[in-house]
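Everything below concerns the one structure shown next.
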Amino acid sequence: MIGTINGKKVEFSKDQTVLEVARANGHFIPTLCELADLDHTPGTCRVCLVDIKRRNDVNHRIVTSCTTPMEEGMAVLTRTPKVRQMQRLQVELLLADHNQDCASCVRHGNCELQDVAQFVGLEQTRYNYPEFYERRTRDYSSPSVVRDMSKCIRCFRCVKVCREIQGIDALVITQKGLETEISVRDHLPLNESDCISCGQCILVCPVGALAGRNNIEDAMDLIYNPELITVVQFAPAVRTAMGEEFNMAKGENVEAKMITALKRLGVDVVLDTNFAADLVIMEEGSELLHRLKNKGTLPMFTSCCPGWVNFVEKNYPEMTPNISTTSSPQQCLGAMAKTYLAEKMDLDPDRIRVISIMPCTAKKGEAQRPEFQRNGRPDVDVVLTTREFSRLLKREGLDLAKLEDSQFDNPWMTDYSGAAVIFGNTGGVMEAAVRTVHKLVTGNELDAVEYTDLRGDALRREATVDLGPALGEVKLAVVHTLKEARRLMDEIKSGNSPYGFVEVMACPGGCQGGGGQPRSKHSYHGTARERSQGIYNIDKNRTIRQSHNNPMIKRLYADFLKKPLGHKSHELLHTTYRD
Ligand code: HC0
Ligand code: SF4
């Protein structure tokens with residue numbers, strides 16, 4: 001089919017909207033509710049206005065381009081004075097009911113409403129009605145996610161993500177007309193609701209209505225306190241996403257520049273969560289074998305994703321014994337820093353504070369769990385997301401892209417295998433576990449290191465691993481998104497599940513798609529492929545690719561832990577989740 005946009009001929013197929021055809025042909029139309037790759041019925045923000053004239057029309061009319069199908073012979077104009085004036089008015093109306101305290105907003109400089117206000121040439125807002133927005137809910141109950149509905153523009157993207165991608169459905173639309181609000185189901189505070197803190201809603205929020213909890217000041221208080229020894233760890237998936245905040249190539253590994261940045265900030269010890277991922281494989285792999293040999297609770301679930309753990313506790317409490325007792329790498333690293341590292345470096349454990357940089361909002365809640373406090377102190381003191389750490393660097397005047405490279409210089413807890421870094425992708429924990437479990441059982445390394453059946457985008461992947469005559473074949477499943485996890489759990493509950501070991505990551509794509517990662521403004525997970533490939537490339541280039549071959553892990557066991565599942569491991573690296 002053929003029509004025109006701004007006088008230029010365009011070809012399109014039936015069922016395409018004016019917005020889609022315009023976008024495909026390089027004509028920019030602003031939007032605040034529509035989001036590419038989110039299957040979402042838009043039409044609420046009304047800023048995507050265009051002028052159209054159908055084939056048999058006499059007059060032009062102004063319509064929303066996201067809801068109007070492109071038709072044969074249709075002439076579309078996107079930038080007429082009338083269109084610009086109406087778009088400007090629409091943005092003014094949105095701002096009238098929007099908290100205009102932009103200077104202190106977490107999205108300042110990165111807000112889609114600001115972008116659109118600039119695009120339509122708004123120089124002054126004529127309307128501002130605090131009596132409307134001030135009475136809207138501000139909810140600071142969750143350790144991970146802050147809801148400030150005084151900034152909400154009711155685009156409904158968050159409702160869609162929580163319902164359709166995660167299958168949680170914690171967010172609902174309440175009231176009507178001017179009173180419309182996005183609420184938490186049953187008007188509960190977020191921390192008492194079904195929300196599992198994954199932060200996916202934050203990734204799609206165009207404004208500052210949904211944000212990660214801000215712990216930058218808490219981290220600075222620790223780093224700039226001369227009495228304290230600050231230890232910072234960063235997660236596998238942070239290093240291939242953080243460059244996006246500094247205009248670096250998508251998927252580029254910025255680990256070496258992050259080390260420099262942390263040193264410049266005055267951090268005392270820089271460690272790598274990857275080291276602890278290798279440690280987790282030793283413990284969790286041994287735990288799986290123990291469960292298989294002793295007819296323990298199966299299938300065993302991975303425990304490293306705190307959104308998933310929250311989900312099991314809230315929805316399937318009877319299955320918490322299926323969750324591996326091995327703590328997540330974040331928590332294991334904290335526990336080791338305050339014991340093993342303190343011993344090796346002759347540091348006073350009471351003066352050590354651990355800060356994590358994570359791609360995940362739920363990790364903030366994980367660090368605060370009572371299970372992970374020892375002698376009244378948490379193993380991990382403060383968690384920053386990738387976005388928060390980027391903001392911290394920017395406000396300290398550090399441009400990651402311009403920093404020189406540094407190497408880890410701590411000799412105890414920094415080395416990592418390729419198996420550890422792939423934890424950041426969906427399927428990575430399972431693949432890393434298979435590499436080690438195979439060796440533990442058979443004494444031989446796997447012929448092919450890369451277990452490709454476990455890779456990919458499918459919401460569920462399966463594989464079978466042969467663990468020899470004594471244990472036989474074990475069926476493995478890898479799942480991402482909680483909607484798919486719920487399906488799997490219902491199968492297990494009804495006795496229709498063949499699996500022995502299951503990895504679940506709450507966020508699409510695993511941690512690389514975590515709710516604390518940089519946003520892609522015009523799509524939901526726009527850089528997932530590059531981030532994920534970046535992670536697999538790091539694995540490919542590591543000399544050591546199995547957790548059990550990491551020399552620093554070998555030394556940790558020789559000098560301190562003695563053996564996996566030993567007494568010290570149980571005390572420091574294992575936990576029981578409560579129902
Ligand atoms: Fe992950 Fe992790 S892999 S959960 O996604 O297991 O957040 O990157 O740090 O803890 O290692 C997140 C990422 C981690 C943990 C690790 C695990
Ligand atoms: Fe839903 Fe996740 Fe947002 Fe909670 S954090 S409201 S579970 S999308």
Side-chain angles (χ1 to χ4, degrees), residues 139 142 144-147 157-172 182-185 188 190-191 193-205 210-213 233-241 272-281 284 302-311 314 324 326-334 356-367 380 383 385-386 416 419-430 432-433 480-483 503-517 531 535 547:
D139 180 352
S142 156
S144 304
V145 181
V146 173
R147 293 175 62 242
R157 290 177 184 174
C158 57
V159 176
K160 184 76 179 181
V161 163
C162 190
R163 184 174 295 162
E164 301 296 333
I165 306 288
Q166 294 298 49
I168 301 290
D169 210 9
L171 303 175
V172 290
I182 310 300
S183 303
V184 178
R185 188 172 289 285
L188 290 167
L190 203 58
N191 68 329
S193 75
D194 286 340
C195 169
I196 49 79
S197 300
C198 66
Q200 290 300 303
C201 51
I202 302 172
L203 287 183
V204 296
C205 180
L210 288 161
R213 193 152 192 127
Q233 59 169 318
F234 55 90
V238 174
R239 68 203 73 203
T240 61
D272 198 330
T273 312
N274 282 345
F275 167 83
D278 278 332
L279 176 58
V280 161
I281 288 300
E284 196 164 314
T302 53
S303 58
C304 44
C305 169
W308 156 240
V309 170
N310 292 341
F311 176 81
K314 289 193 180 202
S324 160
T326 309
S327 311
S328 73
Q330 155 167 281
Q331 295 306 133
C332 289
L333 191 122
S356 309
I357 304 166
M358 294 281 139
C360 169
T361 43
K363 285 278 171 200
K364 289 174 184 274
E366 179 182 78
V380 173
V383 179
T385 61
T386 314
Y416 65 86
V421 75
I422 59 172
F423 267 55
N425 279 337
T426 164
V429 180
M430 181 65 82
H480 59 141
T481 75
L482 292 172
K483 193 169 187 186
E503 176 202 297
V504 179
M505 287 291 176
C507 296
C511 292
Q512 56 87 1
Q517 292 281 62
R531 289 177 188 172
I535 286 173
S547 302

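One-based numbering, in listed order, for ligands and for the atoms of each. Please read all numbers here as calculations on a predicted model, not as lab measurements. Residues take their numbers from the sequence shown, with the count starting at 1.
- Contacts between S197 and ligand 2 below 4.0 angstrom, taking non-hydrogen atoms only, involve the backbone exclusively.
- Note on ligand 1: G514 sits outside its first shell, no heavy atom being nearer than 4.0 Å.
- Near C360, meaning under 4.0 Å from any of its heavy atoms, are these atoms of ligand 1: 7 (O).
- For ligand 1, the atoms closer than 4.0 angstrom to any heavy atom of M358 are 7 (O), 9 (O).
- Using modelled atom types, one side-chain atom of S303 and one backbone atom of T326 make a donor-acceptor pair closer than 3.5 Å.
- Counting atoms of ligand 1 from 1 in the listed order, those under 4.0 Å from a heavy atom of Q330 are 10 (O), 15 (C).
- By the 6.0 Å and 45° rule, R239 does not stack over the aromatic ring of F423.
- Heavy-atom proximity to C511, at under 4.0 Å, picks out these atoms of ligand 1: 1 (Fe), 3 (S), 4 (S), 5 (O), 7 (O), 8 (O), 12 (C), 13 (C).
- Separation of atoms SG (C511) and CD1 (I535) is listed at 8.0 Å; rounding is to 0.5 Å.
- Note on ligand 2: V161 sits outside its first shell, no heavy atom being nearer than 4.0 Å.
- The shortest side-chain heavy-atom distance between L171 and C201 falls under the 4.5 Å cut-off.
- In terms of protein heavy-atom proximity, atom 9 (O) of ligand 1 is nearest to A235 CB, 3.0 Å.
- For atom 6 (O) of ligand 1, the closest non-hydrogen atom of the protein is C304 CB, 2.5 Å.
- If you look at Q512 next to ligand 1, there are no close heavy atoms at all, none under 4.0 Å.
- Counting only heavy atoms of the protein, atom 7 (S) of ligand 2 lies nearest to I196 N, 3.5 Å.
- Atom CD1 of I168 sits about 11.5 Å away from atom CZ of R185, to the nearest 0.5 Å.
- Looking at T273, its side chain does come within 3.5 Å of a backbone N or O of F234 through a donor-acceptor pair.
- In this structure, CZ in R213 is found 8.5 Å from NZ in K364, a value given to the nearest 0.5 Å.
- Here the SG atom belonging to C205 is positioned 8.0 Å from the CZ atom belonging to R157, to the nearest 0.5 angstrom.
- Atom SG of C360 sits about 9.5 Å away from atom CD of Q517, to the nearest 0.5 Å.
- A donor-acceptor contact shorter than 3.5 Å links the side chain of S144 to the backbone of T361.
- Counting atoms of ligand 1 from 1 in the listed order, those under 4.0 Å from a heavy atom of K363 are 4 (S), 7 (O), 10 (O), 12 (C), 15 (C).
- Among the atoms of C162, no N, O or S atom is found under 2.8 Å from atom 4 (Fe) of ligand 2.
- Of the protein's non-hydrogen atoms, the one nearest atom 8 (O) of ligand 1 is A237 N, 2.8 Å.
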*Take D194 and K314 through the test salt bridge (charged side-chain N to carboxylate O under 4.0 Å, His left out) and record every step on the way to the result.*
CA-CA 7 Å; D194 286 340; K314 289 193 180 202; 6.0 Å; no
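- At a heavy-atom cutoff of 4.0 Å, ligand 2 is contacted by the side chain of L171 but not by its backbone.
- Here the heavy atom of the protein found nearest to atom 3 (Fe) of ligand 2 is C201 SG, 2.2 Å.
- Not a single donor-acceptor pair under 3.5 Å links the side chain of Q512 to the backbone N or O of G424.
- Atoms of ligand 2 found under 4.0 Å from any heavy atom of G199, numbered from 1 in the order shown, are 2 (Fe), 5 (S).
- Residue, atom and distance of the protein heavy atom nearest to atom 4 (Fe) of ligand 2 are C195 SG, 2.4 Å.
- The nearest protein atom to atom 2 (Fe) of ligand 2, hydrogens excluded, is given as C198 SG, 2.3 Å; this is a heavy-atom distance.
- Residue-ligand proximity, A277 to ligand 1, at heavy-atom distances under 4.0 Å covers atoms 11 (O).
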